[in-house]
Amino acid sequence: MMIRSTHITQEWSAFFAVLLGIIFCATAFWNTDPEVYLFPRIATGFMLLLALMQWASVVIHRKQHPDTIVKQRRLEGGLAWRALLPGILVGVGYVLVMERLGFYVSSLLTFVIITSIYGKHNALAGKSSIYRVAYNFMVGLIFVAILYALFWKLLNVRTPTGLLF
Amino acid sequence: MEFLNHFHSVFTLYHIALLVGGTFAGLILGALPGLSPTMAVALMIPFTFHMQPAAGLILLGAMYTATVAGGAISAILVNVPGAPANIATALDGHQLAKKGRAAEALHYCFISSFVGGVIGIFVLIFFTPPLANLALKFGPTELFWIAILGITIIGTIGSESVVKGLFAGVFGLALSTIGDNPMLGEDRFVFSEHLESGIHIVSALIGLFAVPQVFSLLEQSMQRNGASLHVVGQSRLMQSLKYNLTRVRALSIGSVVGVIVGIIPGAGGQIAGLVAYDQVKKTSGHASKFGSGEPDGIIAAESANNAMVGPSLVPLLTLSVPGSPTAAVLLGGLLIHGLFPGPDLFTVHGDITWTFINSLLVAQLLMLIIGLILSQHSGWIMKVPGHHMAAAILLLAVYGTYSIQSSYSDVLIMFALGLTMFFGSKLGFSPAPLVLGIILGPIAEDNFLQGQLIGQSSGSAFAYFTSGAINITLIAICIGSIIYSVYSGAKAKQRRANSNFGAA
């Protein structure tokens, strides 16, 4: 039986755990002051130990069941990259530009972009693109206005205004 | 009866407004499928940062209570539990809705939640102070082991795999060490200016609970298959109330199970609801009706998951060991207000703590009233599109994180943690032990370093950490919870294998 590469298995989880354990352990032990890094060394040591235990359980399972591919926790359909990628890119973009563009304008833009991309298959599926974007813009504007009233006016949180606001 | 002396503090206009607002918002957030109570409380923490501690905790407590109950609305109307705690409610609640009795099901849900919730809060009121006094005997080594115990229990019981749960907890501990060494003041793991101040609790809470939810909602919104929404219909409240209160067996089993599961650290409402449902079904004279719209199923599940709320705070307020993932988030809320669990909460900060606990009692009543009113109009809540929720949560997460220290670094850390956790959850890792590791990490490290100094001066640090009745008990519970989880996991695996073999 073939498992598509997108299907995430226990093997991947063990692999990433070991990788993370090695990176953290190396950082805590390599060229550092033992007194300053005492607790991090203990924590990262345990991290690596637990990661190796996870890896060992995968290896043991594979040896016990040589005919089957390890898929104790197989995700239904794996990661929906096509669905996720635009959202991740918009999210990363939002976090990166908010200081330069201004918090409120970048927030409004992010809201409109996300809802317009992901709203295609939902409530406004039958409507034209312009209608969809205009609708999402209005909803976003109201939401950002509430945030402005709450944070800027009520809680006195001064967010970076950047180039716009 | 000290709690009675502080009741008047709840009834100020400001606190009542917070309770009403928190309950209303909690019911709506809880009803939205995919938004967990843990995430709702985590998102609310930044708002409380600018409030007085009592006011902040009142808001968080009201949200906690209401989100658990609100999750039943979507469980009943669309068969999608608003929170894991409402899984058992959906089994009979949705069947009742299919028969055109959704309003009746919602009445049962809020009335039972109220009964269970009140019983749970009374357990909190009477059990917490004596347990808190026990913490007076704790020195650095005991506090170190308590922190380790909290992470161990959440890691083992609250996760799908013991090793993964423990790995996440220890990873949280490692992340908590980023920044200054508490004794020597030197930087650790600071590879970028953004890491200089370490990881703030709120960045971790919001990042680990809210951001993965954003991407899950976006993922689902592309694949939504349109769950059928049932009309709420009409039902006489007094009739439902009368019937509900005559179901003493379901109510009492639900409440007792909820209280027991709540006190056990790490268990949570999902287990409470399912165990209560199962017990009521087993002891019922008409077990075959369960699953096809039996009111006792809803009554048991809802009284259990709300009865769990109060007791889940008992180990949290006394020993800083949270009873559920949401209680772990509340621990973050306490710490950012400078309140450390233990006897001081009931002596030095007694006015704040008792006001908070009393407000939970009032929140139960508000949850009942607002829940019953809202249940008639709950259909519209289900119509909020997932992509709008996702965008709104992302914006709230960013604003909330920034508002704590006006720090852009916090926002970057929050988003990076959240994105990593989203992929981590796909690999079977749970955010609760990771968050607890980050929250309890500084407590563990401070007390470890203090204990080490004292131990070295008295001969052996190892002996100092492993001697004394409390230390030995705590170590034994840590080891016991790991062994129990490994054993029950292996047993469940064996059962699954046997049933597969039988089916083949």
Side-chain angles (χ1 to χ4, degrees), chain A residues 8 10 12-13 16-17 20-21 24 27-28 32-33 35-40 42-44 46-47 50-51 53-54 57 73 75 79-80 82-84 87-88 91-92 94-95 98-99 103 107 110-111 114-115 117-119 121-123 136 139-140 143-144 147 150-151 155-160, chain B residues 47 49-50 160-161 163-164 166-167 170-171 173-174 176-178 181 183-184 186-189 191 211 214-215 217-224 383 385-388 390-392 394-396 398-399 402-403 406 408 411-412 415 419 422-424 426-429 437 441 444-445 448-449 452:
Chain A
I8 298 158
Q10 291 291 87
W12 278 109
S13 119
F16 282 116
L20 215 55
F24 268 75
T27 319
T32 55
D33 183 343
E35 210 179 341
V36 176
Y37 274 80
L38 176 63
F39 194 75
I42 296 169
T44 54
F46 270 103
M47 242 178 99
L50 288 162
M53 281 169 70
Q54 216 180 313
S57 80
R73 190 180 184 282
L75 291 165
L79 267 175
R82 272 186 69 184
L84 275 171
I88 292 174
V92 171
Y94 172 42
V95 171
M98 65 173 56
E99 264 206 319
F103 258 38
S107 296
T110 304
F111 192 96
I114 286 182
T115 49
I117 294 172
Y118 289 92
H121 307 290
N122 284 277
N136 291 329
V139 176
F143 187 70
V144 172
L147 284 182
L150 254 174
F151 283 91
L155 299 176
N156 277 320
V157 177
R158 289 290 172 261
T159 48
Chain B
F47 293 91
F49 189 70
H50 301 271
E160 66 166 42
S161 145
V163 181
K164 280 184 185 175
L166 289 175
F167 177 84
V170 180
F171 183 35
L173 276 181
S176 77
T177 64
I178 295 175
N181 175 302
M183 292 250 177
L184 304 165
E186 283 186 49
D187 282 349
R188 298 172 305 186
F189 299 119
F191 307 110
V211 175
V214 169
F215 293 113
L217 283 167
L218 291 180
E219 200 179 17
Q220 288 159 21
S221 74
M222 284 285 201
Q223 309 157 340
R224 188 146 288 183
K383 291 176 184 162
H387 56 285
H388 277 144
L394 179 64
L395 265 56
L396 272 177
V398 168
Y399 280 81
Y402 186 85
S403 70
S406 297
Y408 179 61
V411 176
L412 289 178
F415 193 78
L419 201 55
F422 173 71
F423 291 113
K426 295 281 182 187
L427 294 168
F429 292 100
E445 184 174 12
F448 174 79
L449 295 176
Q452 194 211 12

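In what follows, chains are A, B, ... by sequence order, proteins preceding strands, each numbered from 1.
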Mind running side chain to side chain contact (heavy atoms under 4.5 Å, CB included) on Met183(B) and Gln452(B) for me, showing each step along the way? CA-CA 12 Å; Met183(B) 292 250 177; Gln452(B) 194 211 12; over 6 Å; no

Examine distances only and state if a side-chain atom of Tyr118(A) and a backbone atom of Gln220(B) form a donor-acceptor pair shorter than 3.5 Å. no

Closest-packed option against chain B by number of heavy-atom pairs under 4.5 Å, given Met98(A), Glu99(A), Met53(A): Glu99(A)

Looking at chain A, which one of Leu396(B), Asp187(B), Val170(B), Leu419(B) has the largest number of heavy-atom pairs inside 4.5 Å, strictly under? Val170(B)

Could you tell me the separation between the CD atom of Glu219(B) and the CD1 atom of Ile88(A), rounded to the nearest 0.5 Å? 9.0 Å

Which one, Tyr402(B), Phe215(B), Phe429(B), Phe415(B), leads in non-hydrogen pairs under 4.5 Å with chain A? Tyr402(B)

What part of Thr159(A) is in contact with chain B, defined as an atom under 4.5 angstrom from a non-hydrogen atom: side chain, backbone, both or neither? both

Chain B heavy atoms under 4.5 Å from Phe46(A): which part of the residue, side chain, backbone, both or neither? both

Just say parallel, tilted or perpendicular for the rings of Phe39(A) and Phe448(B), cut-offs at 30° and 60°. tilted

Of all the heavy-atom pairs spanning Phe167(B) and Ala51(A), show the shortest one and how long it is. CE1-CB, 3.8 Å

Pick one of side chain, backbone, both or neither for Leu20(A), based on which atoms fall under 4.5 Å of a heavy atom in chain B. side chain

Say whether, by atom type as modelled, one donor and one acceptor occur between the side chain of Tyr408(B) and the main chain of Val95(A) under 3.5 angstrom. yes

Interface moiety of Ala390(B) toward chain A, non-hydrogen atoms closer than 4.5 Å: neither

Take Thr115(A) and Val139(A), measure what side chain to side chain contact (heavy atoms under 4.5 Å, CB included) needs, and give me the verdict at the end. CA-CA 10 Å; Thr115(A) 49; Val139(A) 176; over 6 Å; no

For Val92(A), which atoms come within 4.5 Å of any heavy atom of chain B: side chain, backbone, both, or neither? both

Go through the atoms of Phe49(B) and report whether side chain, backbone, both or neither lie under 4.5 Å from a heavy atom of chain A. neither

Per-residue contact mode, Leu449(B) against chain A (heavy atom under 4.5 angstrom): side chain

Checking Glu445(B) against Ser176(B) for the side chain to side chain contact (heavy atoms under 4.5 Å, CB included) test, could you report, in this order, the C-alpha distance in whole Å, the side-chain angles of both residues, the deciding distance, and whether it holds? CA-CA 9 Å; Glu445(B) 184 174 12; Ser176(B) 77; 5.5 Å; no

Using a 4.5 angstrom heavy-atom cutoff, name the option from Ala174(B), Ala392(B), Gly424(B) with the most pairs to chain A. Ala392(B)

Phe103(A), part contacting chain B, at a heavy-atom distance under 4.5 Å: both

Counting heavy-atom pairs under 4.5 angstrom with chain A, the leader among Val398(B), Leu173(B), Val411(B), Val214(B) is Val398(B)

Supply the atom-to-atom distance Phe24(A) CZ to Phe189(B) CZ, rounded to the nearest 0.5 angstrom. 6.5 Å

In short, Ser13(A) meets Lys164(B) closest at the heavy-atom pair OG-CE, 3.1 Å

Looking at chain B, which one of Thr44(A), Leu38(A), Thr32(A) has the largest number of heavy-atom pairs inside 4.5 Å, strictly under? Leu38(A)

Picking from Ile178(B), Val211(B), Thr177(B), which has the most non-hydrogen pairs under 4.5 angstrom with chain A? Thr177(B)

For Leu395(B), which atoms come within 4.5 Å of any heavy atom of chain A: side chain, backbone, both, or neither? both

